[in-house]
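These values consider heavy atoms only, across backbone and side chains, with no hydrogens, waters or symmetry-generated copies.
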Amino acid sequence: MAERWATSRGDLQGIDLHLDPAGPGLRRGLTDALREAVRTGRLSPGTRLPSSRTLAADLGIARNTVADAYADLVAEGWLTARQGSGTRVADRAVPGPPAAPSTPRRVPGRLPYSLVPGTPDLASFPRAEWLKATRRALATAPHDAFGYGDPRGRPELRVALADYLARVRGVRADPERLVVCAGFSHGLHLLCEILRARGARTLAVESHGLDVHWDLATRAGLRTTPLPFDSSGTRAQDPGDADAVLLSPAHQFPLGGALRPERRAAVVDWARRTGGLILEDDYDGEFRYDRQPVGALQDLDPDHVVYLGTASKSLAPGLRLGWMVVPPSLVADVVDVGGGRPVGVVEQLALAEFLTSGAYDRHVRAARLRYRRRRDALVRALAERAPDVRVTGIAAGLHAVLRLPPGTEQSVVQAATWQGLAVLGLSRFRHPAADPTPGDALVVGYATPPDHAWTGTLEALCRALP
C-alpha cells in the first residue's frame with residue numbers, strides 16, 4: 001500500500017502522522033506501522049493519537065479497522081486508552097538500536113566563573129520591557145509587516161535607528177542607506193563578499209582583534225594584513241596597498257584606546273584619495289564612563305565609511321540584531337548580496353518600539369551605571385591585592401586590559417583555571433602577522449558575570465594574579 005499521511009483534520013488535539021500500513025491486510029499493516037513508530041521513538045511516550053474516526057477518515061479506511069488496531073496495541077502495552085483522555089502512547093522503555101563503538105571524547109567542564117570578554121551581563125536582559133515592546137509592536141504592526149518586505153529591513157526599525165544613531169553616535173544615517181543585518185559578523189560577511197566581487201584583494205585590520213572576523217574575510221577571498229601599532233595606538237593613516245580597512249575607532253578591541261583625531265582624519269584622507277573603504281566597528285559605543293563618548297568616524301565622510309553597529313553588547317547577542325549605514329554606492333550591492341531579510345520581523349518591530357519608546361535609552365543608562373561600578377570595583381581590588389598589575393583601556397566599553405609582568409601571561413591564565421575562572425590572554429587576540437608587542441596581559445570582560453557571581457569572580461581573579 002502507498003504511504004499515507006494522517007492529517008487529523010477532525011481532531012484538533014491529535015497529531016499529524018506519517019504511516020505506511022503495508023502488509024497482507026489493512027488491520028495488520030496499520031498495527032505494524034504504529035508499533036514500529038512507537039518502537040523507533042517517532043511517537044514518544046504520552047503522545048495523543050488521533051481518534052479512530054479521524055485517523056480512519058485521513059487514511060481512507062474503515063473506522064473499525066483503526067479501532068481494532070488500537071485495541072491490539074493497547075493489549076500489547078504499546079498504547080493506553082482511557083475515557084476522556086483518548087488513546088496515547090504508553091510510557092514504557094523502548095530499546096533503541098545498539099550504539100556504534102566510538103572513541104570517547106573529553107568534553108572540558110565549564111568553569112564556575114568567567115571574565116571572557118564579548119558579552120554583557122545576560123541576566124540583566126530587560127525581559128519585562130522587551131515583552132512590553134513586543135506586545136505593543138505586534139498590536140500595531142500592519143499586516144504587510146509579515147510578508148517578505150524590504151530586504152534592508154522594516155522601515156519602522158530603520159527610521160528609529162537612524163534617529164538614534166544621529167542623536168547618540170553622531171552618525172549621518174539616512175534610513176534609505178540603513179540595512180538591518182543579523183549581527184556584526186553577518187554585516188562584515190556581506191561587505192567582504194562585495195569587496196571581493198569588486199576586485200578587492202586586501203583588507204587591513206588592527207593588530208589585535210577577533211580571529212572570527214579575519215576568518216570571514218579570508219573565506220571571502222580577501223587577505224588580511226595587520227596595521228602597525230605604537231604607543232599612541234593603531235597607525236591607521238597609511239594602510240599600504242589595502243583596498244579597505246576594518247577599524248574599531250571609538251574603542252579598540254581589545255586594547256581599549258580610541259583612535260587619535262589626527263589618525264582618524266588621515267585614514268579618511270586615504271580613503272578619499274585612493275577610493276578605499278573604511279569599515280567602522282562601533283560595537284560598544286554607548287558605554288563610555290569618564291567623558292562624552294567618542295563620535296562615530298562615519299561622520300567625517302559617509303561616502304567612504306560603512307558604519308556597523310549591534311545590539312549584542314547593549315542588549316544581548318542572542319537577538320542577532322545589527323545594522324549598517326552604507327554609502328549610497330553600496331546600497332544596491334548590499335541588498336543583492338544579502339539575499340533577503342535575515343532578521344525576524346518580530347525582533348525588528350520590537351527593537352523599533354524599544355527605541356522609540358525610550359526604553360532602550362533607559363536600559364543603556366542603567367547598564368552604563370552598573371558596568372561603571374563593576375569597573376571601579378575591579379580597579380580598587382587590583383590596587384589593593386595586585387598592585388604590580390596595571391589596568392588600561394578602561395575609559396569605555398565592557399572590558400579592561402590587565403598588564404602583567406613579562407613572560408607570565410600563560411601561567412596566570414592557568415592559575416585562573418585552577419581558581420575556576422575562565423579568562424583570556426592578550427596573545428589570543430593578536431593577528432598572526434602582527435608584531436608581538438604590546439606584551440603580556442589579560443583581557444578581562446567585567447560585564448560578563450551576573451550580579452550574583454561578581455564578587456566570587458573578582459576574588460578568583462585576584463587569587464590568580466601574581
Side-chain angles (χ1 to χ4, degrees), residues 12 119-187 282-288 293 296 307-326 331 334-335 338-371 398 447 450-451:
L12 297 182
T119 61
D121 174 9
L122 300 179
S124 67
F125 180 79
R127 299 183 187 221
E129 288 299 322
W130 186 259
L131 182 59
K132 291 178 184 177
T134 302
R135 286 174 171 165
R136 288 194 298 264
L138 287 174
T140 59
H143 297 310
D144 64 5
F146 303 98
Y148 290 104
D150 193 323
R152 292 172 298 177
R154 284 299 304 171
E156 298 94 333
L157 179 55
R158 290 189 285 117
V159 169
L161 280 170
D163 176 74
Y164 175 81
L165 295 174
R167 171 170 55 86
V168 175
R169 302 298 299 126
V171 176
R172 285 191 259 175
D174 182 345
E176 297 301 309
R177 297 191 292 109
L178 202 151
V179 179
V180 179
C181 53
F184 174 83
S185 291
H186 176 243
D282 193 36
Y283 65 101
D284 64 356
E286 295 99 336
F287 295 106
R288 194 162 191 95
Y307 176 89
L308 297 103
T310 174
S312 295
K313 305 299 182 291
S314 57
L315 287 170
L319 294 176
R320 306 310 304 148
L321 282 166
W323 44 86
M324 297 186 289
V325 182
V326 301
V331 174
V334 171
V335 171
R341 187 174 60 214
V343 182
V345 67
V346 175
E347 289 80 5
Q348 292 190 58
L349 293 172
L351 181 57
E353 172 65 26
F354 210 64
L355 285 162
T356 56
S357 68
Y360 188 85
D361 286 87
R362 291 192 296 272
H363 170 74
V364 168
R365 285 197 298 270
R368 188 186 297 131
L369 178 60
R370 183 169 61 255
Y371 294 145
L398 307 180
D451 284 341

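Between Phe354 and Leu315, the shortest heavy-atom distance links the atoms CE2-CD2, 3.9 Å. Nearest heavy-atom pair across Arg177 and Arg172 is NH2-O, 3.2 Å. Closest of all the heavy-atom pairs between Ser357 and Arg362 is O-NH1, 3.6 Å. Of all the heavy atoms in Asp284 and Leu398, the pair that sits closest is OD2-N, 3.8 Å. Considering every non-hydrogen atom in both Ala160 and Thr356, the closest pair reads CB-CG2, 3.8 Å. Considering all non-hydrogen atoms of both residues, Asp121 and Pro450 come closest at OD1-CA, 3.3 Å.
At a threshold of 4.5 Å between non-hydrogen side-chain atoms, the residues Asp451 and Arg370 count as touching. Residues Arg154 and Val180 fail the side-chain proximity criterion, which asks for heavy atoms closer than 4.5 Å. At a threshold of 4.5 Å between non-hydrogen side-chain atoms, the residues Tyr307 and Val326 do not count as touching. The shortest side-chain heavy-atom distance between Asp282 and Leu308 does not fall under the 4.5 Å cut-off. Annotation: side chain of Thr119 is not in contact with side chain of Lys313 (no heavy-atom distance under 4.5 Å). Looking at heavy atoms from C-beta onward, Glu156 lies in side-chain contact with Pro142 at the 4.5 angstrom threshold. Between Pro120 and Pro317 the shortest side-chain heavy-atom distance falls below 4.5 Å.
Note: Thr140 OG1 to Leu349 CG = 7.5 Å, rounded to the nearest 0.5 Å. To the nearest 0.5 Å, atoms CG (Leu178) and CG (Leu157) are separated by 7.5 Å. For the atom pair CD (Glu353) and CH2 (Trp130), the distance works out to 10.5 Å, reported to the nearest 0.5 Å. For the atom pair Leu161 CG and Gln348 CD, the distance stands at 9.0 Å (nearest 0.5 Å). The OG atom of Ser312 sits 12.5 Å away from atom OH of Tyr283, with the distance rounded to the nearest 0.5 Å.
Within a 6.0 Å sphere centred on CZ of Arg167, other residues, nucleotides and ligands contribute more than 12 heavy atoms.
Screening Leu321, Leu319, Val364 for a side chain to side chain contact (heavy atoms under 4.5 Å, CB included) involving Ser314 leaves a single residue, Val364. When each of Val334, Val179, Val335 is tested with Pro151 by the rule side chain to side chain contact (heavy atoms under 4.5 Å, CB included), just one qualifies, namely Val335.
Between Arg169 and Glu286, no side-chain nitrogen of the basic residue sits less than 4.0 Å from a carboxylate oxygen of the acidic one, so the salt-bridge criterion is not met. Between Asp361 and Arg368 there is no salt bridge, since no side-chain nitrogen of the basic residue lies less than 4.0 Å from a carboxylate oxygen of the acidic one.
Side-chain atoms of Glu347 never come within 3.5 Å of backbone atoms of Arg320 as a donor-acceptor pair (strictly under, hydrogens ignored).
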Give the intermediate values and the outcome of side-chain contact (heavy atoms from CB on, under 4.5 Å) for residues Phe146 and Leu138.
CA-CA 10 Å; Phe146 303 98; Leu138 287 174; 3.9 Å; yes
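For the residue pair Glu129 and Tyr360, no side-chain donor N or O sits within less than 3.5 Å of a side-chain acceptor on the partner.
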